[in-house]
Every structure is written in C-alpha cells, then in structure tokens.
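Reading through the structure tokens given below for one structure.
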Amino acid sequence: VCDASRLSQEERALVLRETAQASVIVLTMVYQDGTAQLNAEQKSCPPVSGVLVLLKSELDAMESEGCSAGLPGSEGSGCKVIFLKLEQRPAWAQQGYRQDRFSKEMLLCILGSAQDVICFKAKDLLCTALQYFGKEISWKQVALCRILDPQIAAWLLDPADTASCFWDLVAKRCKTRAAVKPCAGAREFEQQPNVSGSLLVLYRLMMDLRASLQEQGLWKLFCSVELRLTTVLAVMEIHRIHVDKDALEKTSKILGMKLKQLEQEAHQAAGQQFLVSSSSQLRVVLFEKLRLHERCENKKLPKTVLRQQQSTSEATLMQLQDLHPLPKIILEYRQVHKIKSAYVDGILSCMISPFYNPKWGNTSSAVTGPITSKKPNIQAIPRQSIQIIKKQYVQGKEPEVITIHPRSMFISEEGWTFLAADFSQVELRLLAHLSSDPELLRVFQEPLAAGDVFISLASQWKGLPEGKLKPEDREQAKRIVYSVVYGAGKERLSEILGLTAEQAGQFVDSFLQKYKQVRAFTQKTIQQCQDQGCVVSIMGRRRHLPHILSPDWTLRNQAERQAVNFVVQGSAADLCKMAMIRIFSHIASSPTLTARLIAQIHDELLFEVEDSQVEEFAGVVQTTMESLQHIDCFGVHLKVPLRVMLSSGKSWGSLAELARPRSLPHRL
DNA sequence: GATACGACGCTACG
DNA sequence: CGTAGCGTCG
C-alpha cells in the first residue's frame with residue numbers, strides 16, 4: 001500500500017494517469033478506528049479516515065480457474081493500492097493543502113468518469129466524497145458515475161436474503177473460493193488487517209455477482225436502474241432540509257398538555273388509574289373491568305395475531321365507542337401520542353441545527369423494491385392535519401382550536417419553492433395494464449383525465465351517475481380497490497372498512513365481478529409463480545416465493561398474496577425509480593437547472609426549486625414522468641397513460657395545485 | 001436493583 | 001401486503 005501523502009509531484013501525476021487508464025478500480029472507505037467498510041458491520045459509523053484505492057490495469061490474469069496463484073497478495077501483477085487521506089480540516093488550516101488537493105483530484109477522476117468502479121456500500125462512499133468536496137464541486141460532476149455495489153447486486157438476485165455483511169456475501173456468492181482463502185475460512189481471513197487483500201476479494205465477489213446477474217438477465221436492470229439510483233440517493237441524502245424547529249418545540253408542548261388532559265379523562269372514564277399507552281393494561285380495563293365485549297356479541301371483535309387475546313386496536317375501539325366514553329378517548333390519545341412521539345419529538349431528535357437529513361436506502365430489507373427512508377421515516381409523516389381542542393380554564397374564554405400539521409414544519413429555503421409531483425393512482429393504472437381488464441382500461445383511457453378516477457370507478461361499479469355519489473362511496477371504492485391490489489383478504493378489509501367480513505367479502509366479490517380480468521390476472525400471476533418459483537415486475541425485477549408450493553395452507557396463501565402484491569407494488573416502485581433517475585439526469589445535464597430532489601414518498605417526488613425556475617422545471621418533471629408510459633429499453637409499454645399531479649408551495653404542508661396547461665381536457 | 005434486549009402491539013404512509 | 005418507528009413488558 002502506498003500512502004498518497006508520501007508521493008512526489010511526479011509520482012502523483014503518474015498515479016493520476018494510471019487511474020484514468022485503469023481497467024478496474026476497487027474502493028473502500030477506511031475509518032479512523034482502523035476498520036473498513038468491508039469489516040463486520042458496525043452500527044455506529046466512526047469518522048472516516050480515508051479511502052483505499054486499488055487500481056487494476058490488466059483485466060484479471062487469473063482466469064485460469066482455481067489456480068493456486070490466486071492468493072491475495074501474490075496476484076499483485078498489474079495492481080496498485082493507494083491510500084487517500086480524507087481529512088476534514090478547518091478551512092483555515094493550510095498545511096497539507098497539496099495532499100488534500102491531490103485526494104480530491106483522484107476522487108474526482110474516479111467518480112467523475114464512467115469507468116468500472118467497485119465499492120461495497122457505494123452510497124456511503126458517495127455521500128462521504130460529496131461532503132468532502134463540499135462546495136468545491138457541483139454534484140453534477142459525479143452524476144454519471146455508476147459504482148458497482150455487490151450488496152445491491154446480491155439484493156437484486158434475491159431480495160428476501162436480508163442485508164448480509166461483506167464476508168457473509170463472500171461466503172454465499174463467491175464461486176471462486178480460491179481467491180478468498182488459500183486454506184483458512186473466510187472468517188479467519190476477516191480477522192487479518194489485510195485490507196488490500198480484501199479489495200481483491202471484493203473484486204472477485206463483484207465479478208461472480210456480475211456473472212450471476214448476467215445469467216439471470218438482471219444486468220441491465222442493475223446497471224441502468226439500481227446503480228444510477230445510488231447516485232441519486234446519495235445526492236438526495238447530502239441535501240439538507242430546512243425544518244421549523246421553534247414550531248416543532250411549541251407543538252411538542254401543546255401535544256404534551258393535550259396528552260395529560262386525555263390521560264386524566266381516560267382515568268376518569270375507566271374509574272381507575274392505568275397506563276393509557278399500554279395495550280395490555282387497556283385490555284384489562286376494557287374487557288375484565290368494564291366487560292364491554294359482552295355487550296356487543298353480534299359483532300366480531302378482532303383478536304391479536306399471535307395470542308388469542310382481545311385486541312385493543314383501532315378497529316375494536318371503533319366498534320366499542322358507542323358503548324362507553326373510554327374507547328373514543330383512547331383513540332384520540334393514540335392519535336395525538338403517535339404524532340407527538342414519532343413526528344414531532346422524533347424529528348426533533350434527528351435534527352442538526354435547523355436542518356435535518358433523512359437516510360435513504362434502496363437495498364437491505366426492502367423485499368418489494370421501493371426505496372425507504374429512515375431516521376426519521378419521512379414517508380410516514382401524516383398527510384392530513386389534526387385538530388386539537390385546547391381547553392381553557394380561564395372563565396369566559398372559548399376553547400381554542402389548534403391545527404397541527406407535521407408536514408408544514410418542513411419549509412423551503414429563502415428564494416426556493418417546494419414542488420411535489422404525484423403519480424396519480426400508479427398502482428391502479430398498473431393493475432389496469434397488467435390485467436388488461438377492458439372496463440378498468442376504459443376508466444383511464446377515456447378523455448376524462450381531469451376527472452377523479454375513484455369517482456368514475458365508483459359510478460361505473462355501482463351503476464350510478466357521478467353526480468349522485470356520496471363522498472363515502474368514493475372512499476369505499478378506493479379502499480376496496482387497494483385491498484385487491486395489496487392482496488388483503490376480506491377479513492383485513494372488514495377491519496379497515498369497519499364492516500363485517502361478510503359485507504366486505506361481498507364488496508370484493510362485486511368488484512371482481514365487474515372487473516373480471518382482475519381475478520384472471522391474480523390467478524395468472526399465482527400460476528406463473530408456481531411454475532417458475534418467482535414473480536417478475538414490469539422491469540424484470542424478481543421475487544422468489546418458495547412457499548407458493550407449500551402444503552401449509554396459511555403459508556401458501558400468504559405467498560399467493562405476496563406474489564400479486566409484488567407484481568403491482570414492485571412495478572410501481574420501478575416506475576418511481578425510473579422517474580427519479582430520468583429527472584436527475586435531466587437536471588445534471590442542464591447548465592441552468594438547480595432543482596434538488598428532497599424526498600420520495602412512494603409515488604410522490606418532492607423537489608426544492610429556485611423560485612424563478614418553478615414553471616420550467618414543473619414542465620420537465622411532468623413530461624419526464626408521463627413519458628414513462630413507454631420505456632423502450634425495458635420493453636415497457638403501458639396500455640394506460642400516466643398522469644402526474646403537480647403542486648407547489650413554501651411549506652410541505654401547504655402545497656397548492658399547479659395549473660397544468662398541457663393536460664387540460666380537450667373537450668369544450 | 002438497575003438495565004439491555006427481543007417479542008409483541010399499534011399505526012402512520014402507500 | 002410491506003415499509004419505519006414508537007411504546008410496553010418479561
């Protein structure tokens with residue numbers, strides 16, 4: 001290993017030339033405690049010390065299978081390992097300036113080009129690099145880089161096999177064991193501090209994974225979707241979102257007061273003290289003390305899944321709320337408590353000054369394919385506001401009503417605006433496409449693009465004119481549709497709808513009666529899964545479901561639902577990922593556009609856009625997203641058009657719909 | 001006697 | 001169906 005800081009000016013120039021010409025570059029980050037990204041997974045990420053770079057000028061000399069010359073270390077021909085120190089030094093510290101510059105030059109040379117680069121957990125490296133560069137380079141300069149990441153490759157091969165660490169992956173996926181260990185086990189090798197040897201193992205691993213991906217026809221998906229997405233996510237993660245901390249703290253206090261008040265009311269209603277947030281204590285009060293279940297034997301009360309205990313879930317409490325004041329109080333308590341703990345205090349605890357950065361992941365345990373957000377989960381922040389009635393004990397004052405909306409705590413920077421682009425009913429449109437149900441297709445193909453799909457669906461299904469429908473009909477239609485899409489059974493639907501299982505079953509039946517091809521699609525999907533052992537999304541991503549042939553009825557049924565669910569949700573995830581990539585590339589190649597992607601909430605993309613560019617960018621986003629109806633390189637040709645809803649505003653909580661000139665109905 | 005951790009329950013989002 | 005995350009309890 002050669003330390004870049006000890007190189008002379010000439011040697012550095014040589015290294016840069018070699019880097020530009022290298023056929024393969026293998027990277028890993030090294031932390032200050034001496035561990036690397038390749039070591040057993042660390043929960044807390046220590047500060048980064050530098051990056052280890054392996055330059056390989058020859059395309060693998062050891063292709064003669066199983067040759068004992070494949071020892072790490074003896075394989076060094078055409079290899080060079082360089083250590084780049086990445087020191088986060090204060091701006092005023094001038095010493096080491098040249099080394100710092102060289103590190104940056106090297107990194108940019110590696111990340112700015114389109115060579116074969118390999119790194120385990122590439123997103124972390126990209127984030128670190130981008131932070132290291134700071135404002136010296138634009139993220140656009142690394143927008144094209146595609147780092148081959150074995151973790152993502154393995155996930156694509158089998159999404160169910162949950163995030164294994166590097167050495168587990170090697171043990172599982174490396175066919176050429178000779179490269180890993182001469183005689184000892186992989187585990188033993190791991191103990192050695194031979195990080196540069198590990199880089200060669202990383203290289204072998206990636207080559208083997210590449211072969212597997214190519215065999216299974218997943219290579220294109222890997223390169224042009226998952227890898228490109230890594231860059232998108234890294235850039236998104238670097239961007240800080242502005243949060244109104246004062247408002248959050250104020251809200252926290254108000255919610256705290258409200259919780260105390262509700263707690264007292266609950267105790268009063270129950271006639272005893274108990275821990276309101278404890279479901280087991282509530283169960284005792286509700287069913288042993290008050291014996292509410294005895295008063296509603298006509299209704300079936302849900303039970304907890306694992307034990308045959310009485311559930312205290314929302315569905316139960318809804319049924320009981322007419323019998324006693326307590327259930328209603330608990331429902332409100334839970335709602336307020338959830339908002340306070342998860343979305344107010346939760347966000348406060350992950351904030352760094354007035355900003356915060358959520359973590360984004362497109363791998364690990366996401367079996368269905370969608371990307372996920374963590375710390376906090378920005379995707380689960382309530383869509384609608386809640387009303388809090390603050391009781392005033394001062395005489396003569398009206399009770400004060402306060403509206404609380406966690407999304408409005410997210411505010412755009414001065415001079416910038418949030419732009420949200422929502423794929424309207426992607427999943428339903430996909431269901432129409434996948435099932436080719438003529439009735440369902442008609443809903444989307446007719447020139448009623450401006451109308452509400454669920455209303456027309458409800459009217460079509462109930463045989464009533466749209467004007468005669470009530471809002472609850474629309475809600476019901478929506479819920480039934482999605483329960484079919486998600487593969488939920490009638491029991492689950494009855495809980496959601498607050499009806500009996502029979503009624504819910506009837507709704508599902510009549511839906512499937514109307515849209516006959518949907519049932520055919522479900523059966524076709526299950527059949528295909530049984531034949532091939534896996535189901536495939538619209539862009540070719542797979543999920544293996546071994547239980548589809550299980551003799552166990554429960555397991556098999558679950559696998560059947562998962563199969564249908566995956567095809568629809570997985571395909572929706574594919575489209576959203578493509579949308580992110582396409583828009584990202586568009587911005588990157590534009591000299592003027594500065595818009596940044598901030599968050600992805602399943603089928604909604606949230607951007608922060610300079611005020612002056614909102615209109616132009618909105619057009620780009622809409623065109624790009626709607627053009628995904630046809631993705632030629634993946635053979636995607638949807639039978640239904642895609643529709644995008646655009647809205648903008650200064651806070652995420654108060655977005656107003658944007659006029660969309662192009663999509664106005666062409667009728668009178 | 002304090003405390004760490006996994007199992008379980010609940011519920012936001014889609 | 002499947003993400004994350006908060007809470008209780010043994």
Hey, is the side chain of [X] poking within less than 4.0 Å of OP1 or OP2 on [N], counting only N and O atoms?
X: A:Ser279; N: B:dC8; value: no
X: A:Ser313; N: B:dC10; value: no
X: A:Thr312; N: B:dC10; value: yes
X: A:Ser277; N: C:dT8; value: yes
X: A:Gln335; N: B:dT11; value: no
X: A:Ser278; N: C:dC9; value: yes
X: A:Gln379; N: C:dG5; value: no
X: A:Arg283; N: C:dC9; value: no

Distance in angstrom units between [X] [atom1] and [N] [atom2], rounded:
X: A:Arg334; N: B:dA12; atom1: CZ; atom2: P; answer: 10 Å
X: A:Phe566; N: C:dT3; atom1: CZ; atom2: C1'; answer: 15 Å
X: A:Lys340; N: C:dG5; atom1: NZ; atom2: C1'; answer: 15 Å
X: A:Gln562; N: C:dT3; atom1: CD; atom2: C1'; answer: 14 Å
X: A:Asn377; N: C:dG2; atom1: CG; atom2: P; answer: 17 Å
X: A:Arg383; N: B:dA12; atom1: CZ; atom2: P; answer: 14 Å
X: A:Leu317; N: B:dG9; atom1: CG; atom2: P; answer: 16 Å

Donor-acceptor pair between A:Glu265 and A:Gln261 side chains, under 3.5 angstrom:
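A:Gln261 and A:Glu265 do have a side-chain donor-acceptor pair below 3.5 Å.
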Just call it for A:Ile381: base, sugar-phosphate, or nothing, with non-hydrogen atoms closer than 4.0 Å on any strand.
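Sugar-phosphate only.
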Quick one: label A:Glu604 by what it contacts on the DNA or RNA (base, sugar-phosphate, nothing), any heavy atom closer than 4.0 Å.
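No contact.
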If C:dT8 has a Watson-Crick or G-U wobble mate with both distances under 3.5 Å, name it; if not, just say none.
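Base-paired to B:dA7.
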Taking any strand in view, what nucleotide pairs with C:dT3 in a Watson-Crick or G-U wobble way, both distances under 3.5 Å?
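C:dT3 is paired with B:dA12.
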Is the distance between the ring centroids of A:His267 and A:Phe274 under 6.0 Å?
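Yes, they do, as the ring centres are separated by less than 6.0 Å.
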Could you please spell out the steps behind the side-chain contact (heavy atoms from CB on, under 4.5 Å) verdict for A:Trp652 and A:Ile378?
CA-CA 11 Å; A:Trp652 189 26; A:Ile378 200 172; 4.0 Å; yes
Side chain of A:Ser550, backbone of A:Leu555: donor and acceptor closer than 3.5 Å?
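Pair absent, no side-chain N/O of A:Ser550 close to backbone of A:Leu555.
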Quiz question: going by heavy-atom distance under 3.5 Å, is there a donor-acceptor pair between the base of B:dG14 and the side chain of A:Gln569?
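It does, because a donor-acceptor pair links the side chain of A:Gln569 to the base of B:dG14 below 3.5 Å.
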Does A:His547 NE2 have over 12 foreign heavy atoms under 6.0 Å away?
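Count not over threshold, so no.
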